[in-house]
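Report on the structure given below.
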Amino acid sequence: MRIATWNVNSLRARADRVESWLERSDVDVLAIQETKCRDDNFPWELFERMGYDVAHFGLNQWNGVAIASRVGLTDVERTFVDQPVFGKGGVDPIQEARAISATCGGIRVWSLYVPNGRALDDEHMHYKLHWLDVLNQQAGSWLEADPEAQIALMGDFNIAPQDDDVWDIDFFIQEGLTHVSEPERAAFYAFEKTGFIDVVRPHTPGPGVYTYWDYQKLRFPKREGMRIDFILGSPALAKRVVSAEIDREERKGKGASDHAPVIAELSA
DNA sequence: ATGGTTGAGGGTCAA
């Protein structure tokens, strides 16, 4: 069984890419982030054509998460319990379309799009850290309820946990950039304390191994990327992982997302 | 030359 996560940066703009990638990647479950659409303009036919069931959570042109599966898809959950809200400019705070879950082939799959902190002192950063803290608490409660549960937390975490996960850590520190700060990294490693394991890194050691390259400043051809997309597995799931890869090829050429798909191969 | 993009939507805003 193969599971994957991919921030597609607009499903409608990427429809052809996503379809041909599904065709050749042979994944059974795909967690998608940044669909950037609503249910009424979601490309349902694409997944039907390819033989996947799909569940979507999208409210507007921002965020949007989905799960596609050809090994079953049941018990869909949109948002996690107590998911923090965000509102600005007098707009009513809402739970944004950043988390969706479903049970696929015996695995509780989450597609997660962690808020971007924008700047170290921005209110979005507090939102990001709080959002991750509550998610981690929930994830802990799931494991407590069933220590043998097969759970995959997959998505764009917008955090580079290690210095080698960016092309130049000194640049990030000097510029005071997000994704590498101590609080963000602590929020990421809190999931490991809870019992979740990065199942991809052991099979894709760095340095220089990334999942995202900014469209700007020729970051991809200059190999200046960031490892910010992860598959975190519960202990029972992590035991099944036999290999993993980051499909850097998918970042190439015209019409690519700025993120590459991340894939894990499971036994049985 | 020291920059260089992309997407949604029709405002700029977001990454």
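Just the heavy atoms: all of them, side chains too, but no hydrogens, waters or symmetry mates, feed the values below. Residue numbering restarts at 1 for every chain, and letters A, B, ... go by the order of the sequence lines.
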Would you check if the distance from the ring center of A:Phe57 to the ring center of A:Tyr113 is below 6.0 Å? no
Check the distance between B:dT2's P and A:Glu224's CD and give it to me in whole angstrom. 17 Å
Grab the CZ-P distance between A:Arg251 and B:dT5 for me, whole Å please. 12 Å
Please determine, by modelled atom types, if A:Asp247 and A:Trp6 share a side-chain donor-acceptor pair under 3.5 angstrom. no
Rounding to an integer number of Å, can you tell me how far A:Lys217 NZ sits from B:dG3 P? 7 Å
Could you state the CG-P distance from A:Asn63 to B:dA15, rounded to the nearest angstrom? 7 Å
Rounding to the closest angstrom, what is the interatomic distance between B:dG9 and B:dT5 at atom P? 22 Å
Are any of the side-chain nitrogens in A:Glu77 or A:Arg108 under 4.0 Å away from the carboxylate oxygens of its partner? yes
Mark up nucleotides 7-12 of chain B, 5' to 3', with B wherever a protein heavy atom is under 4.0 angstrom from a base atom, S wherever such an atom reaches only the sugar-phosphate, and - elsewhere. SSS---
In this structure, how many angstroms lie between the C1' atom of B:dA15 and the NE2 atom of A:His259, rounded? 8 Å
Quickly work out the A:Trp213 CH2 to B:dT6 C1' distance and round it to whole Å. 17 Å
Pairs in or reaching into residues 234-243 of chain A: which pass side chain to side chain donor-acceptor pair (under 3.5 Å), with residues at least two apart or in two chains? A:Gln150-A:Arg240
Keeping to residues at least two apart or across chains, list the salt bridge (charged side-chain N to carboxylate O under 4.0 Å, His left out) pairs with something in residues 124-134 of chain A. A:Lys128-A:Glu184
Could you tell me how far apart A:Met125 (CE) and B:dA15 (P) are, to the nearest whole angstrom? 12 Å
Indicate, with a heavy-atom threshold strictly under 4.0 Å, whether A:Tyr212 touches base, sugar-phosphate, or nothing. nothing
A:Lys222 or A:Glu34: which one's nearest nucleotide on DNA chain B is closer to the 5' end? A:Lys222
What integer number of Å spans the P atoms of B:dG7 and B:dG3? 24 Å
Do A:Thr5 and A:Asp229 have a side chain donor and acceptor closer than 3.5 Å? no
In whole angstroms, the gap separating P of B:dT6 from CZ of A:Phe220 amounts to 13 Å
Kindly label the base of B:dG11 as syn or anti, based on whether its glycosidic torsion lies within 90° of 0. syn
Would a line drawn from the ring center of A:Phe188 to the ring center of A:Phe230 be shorter than 6.0 Å? yes
